[in-house]
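Chain naming here is simple, since letters A, B, ... match the order of the sequence lines and numbering starts at 1 in each. Any value given below was found using the heavy atoms of this structure, including those in side chains, with hydrogens, waters and symmetry copies removed.
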Amino acid sequence: MTQQNERQPKSLSDHFYPLPATNGKVAINIDPWWGLFAAVAALVLFMILFIPDPYAQVVRFIQDGIGITVVTTVLSFILMLFLGLVVALGRLSQSRFLRLLATIFTEIVRGIPLLVQLIFWYFAFPSIIQEIGSLLNFRPFETYLANPLGMAILGLTVCYSAYMSEIYRAGIQGIPKGQMEAALSLGMTRFQAMRYVILPQAIRLILPPVGNEFISLLKDSSLVSVVAVTDMTRRGREFMSAHFIPVQTWTMIALIYLVMTLFSARVVAYIERRTQSER
Amino acid sequence: MENPIIHIENIHKSFNEEVHALRGVSLDINKGEVVVIIGPSGSGKSTLLRCINRLEDYDSGSIVVDGIPLTEAENIHLVRMEVGMVFQQFNLFPHLSVLDNILLAQRVVRRRERGESEETARALLEKVGIAEKADAFPAQLSGGQQQRVAIARALAMNPKIMLFDEPTSALDPEMIQEVLDVMQTLAKEGMTMVVVSHEIGFARAAADRAILMDEGQIVEQAVPDVLFENPTEERTRLFLSKVLH
């Protein structure tokens with residue numbers, strides 16, 4: 001029983017670890033997959049430096065978009081980690097009402113395409129607020145204008161928190177029942193048991209899927225380009241319509257996304273290894 | 001006669017409407033008494049034990065622990081603070097060191113200072129004979145060591161009652177004695193203990209009373225020597241013949 005949560009599901013990178021110490025030489029403890037990241041990053045750098053026309057131009061044009069993509073992804077990720085936990089705790093709650101509420105939320109959100117949700121938050125939601133405002137004669141609502149970036153982050157957060165709550169739930173339910181019982185028998189409240197005993201173990205268990213969520217989120221953030229957020233993808237479209245070089249534009253943008261996702265995957269693998277070797 | 005520290009009256013419990021786990025169990029346990037409950041699997045002995053700190057809810061009847069009726073208790077965790085429990089599978093917290101396992105509840109439940117709780121923890125580790133393992137993690141310990149840590153963890157809350165749910169059943173034979181020794185020391189010190197176990201040797205050496213349960217009821221209870229040597233009930237004789245060989 002206690003052995004059960006000692007080792008966590010293996011990820012691909014685990015098969016390469018630890019590198020065997022070769023006779024006499026110092027084993028270099030670097031993930032071989034970093035090589036792929038380095039190769040793609042080098043390719044991008046090479047293209048910018050040696051074929052500046054058009055690649056340096058593309059990058060110069062979309063660089064503020066890169067920043068927006070990163071900000072959107074990181075903020076949505078942090079927010080959805082919180083909201084996802086709240087929803088998961090709702091689904092595991094003793095209260096039938098909270099369970100029902102959380103279940104309805106996840107079922108609805110997971111049943112609607114992300115793109116449709118983003119469009120809803122940006123175009124439909126502000127209209128609803130304005131309608132309510134004019135109904136109640138409440139000035140700030142009547143003149144409500146949606147902030148594109150804010151609405152995009154809201155949309156991504158809500159959607160991803162529904163999926164994230166399922167990951168949390170699986171992680172929490174993956175902890176043997178005896179852990180909760182032991183904590184309760186020591187006089188902890190359910191909340192304290194969750195906070196100090198169950199969640200710290202569950203989080204280690206779900207680290208690999210959470211890392212994958214981050215990478216999915218990074219890629220899905222390109223969808224916000226349709227709701228007036230000038231992220232990397234939107235800037236790419238603007239560049240293309242001005243210069244008519246689709247192949248070079250989208251090759252460069254695809255490569256930049258790839259550099260970012262490969263890098264994230266390596267960081268996730270690193271954190272995963274660190275938390276596993278702690279025990 | 002003083003009031004019993006645990007008063008159990010006519011407890012009924014069934015799982016899923018079908019399995020009738022407890023059928024009208026009544027039992028009084030006095031302060032400082034050591035009671036060993038034996039019985040075949042499915043007899044309801046573990047369920048009864050888990051009702052005493054309400055890890056298991058019961059359908060009808062009443063339990064009063066240290067003057068607090070469990071049925072109405074709003075803050076069940078206040079009762080649980082006074083009732084330590086040791087499990088068959090140890091249930092140590094695998095993400096915490098041995099020392100932190102013993103510190104956690106003292107800190108968050110009893111709200112003790114770090115220094116005070118660490119003193120308590122180290123003294124208890126000394127008592128159960130594994131002071132040198134304070135910084136180890138549960139997975140690095142043998143089963144017997146883990147169970148002794150679990151006992152220390154429960155004791156750190158200064159409970160008035162200790163419940164043991166088959167504490168040696170998951171252990172290799174050579175590790176059983178080290179756990180029983182700790183339990184015997186506790187019994188000598190006057191701890192109120194309710195032990196579900198088939199360790200007849202422990203029962204005879206340390207218990208004041210032995211109880212045989214079967215099919216959700218108490219079949220017979222007596223001083224251990226009497227129960228094991230001269231049982232009055234046929235059912236007890238039958239069960240003992242299988243356990244004692």
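When atom types are taken as modelled, the side chain of B/His95 and the backbone of A/Ala202 share no donor-acceptor pair closer than 3.5 angstrom. Listed for the B/Gln147 side chain is a donor-acceptor partner under 3.5 Å among the backbone atoms of B/Pro167.
Contact of B/Val83 with chain A is made through the backbone alone, with heavy-atom distances under 4.5 Å. In this structure, the portions of B/Arg153 lying under 4.5 Å from any heavy atom of chain A include both its backbone and its side chain. For A/Glu181, the parts sitting under 4.5 Å from any heavy atom of chain B are the backbone and the side chain alike. For B/Phe87, the part lying near chain A is the side chain, with the backbone staying farther off; criterion is any non-hydrogen pair under 4.5 Å.
For B/Arg122 and B/Glu119, the salt-bridge test fails: no basic side-chain N is under 4.0 Å from an acidic carboxylate O. In summary, B/Arg110 and B/Glu82 engage in a salt bridge, as defined by a charged side-chain N under 4.0 Å from a carboxylate O.
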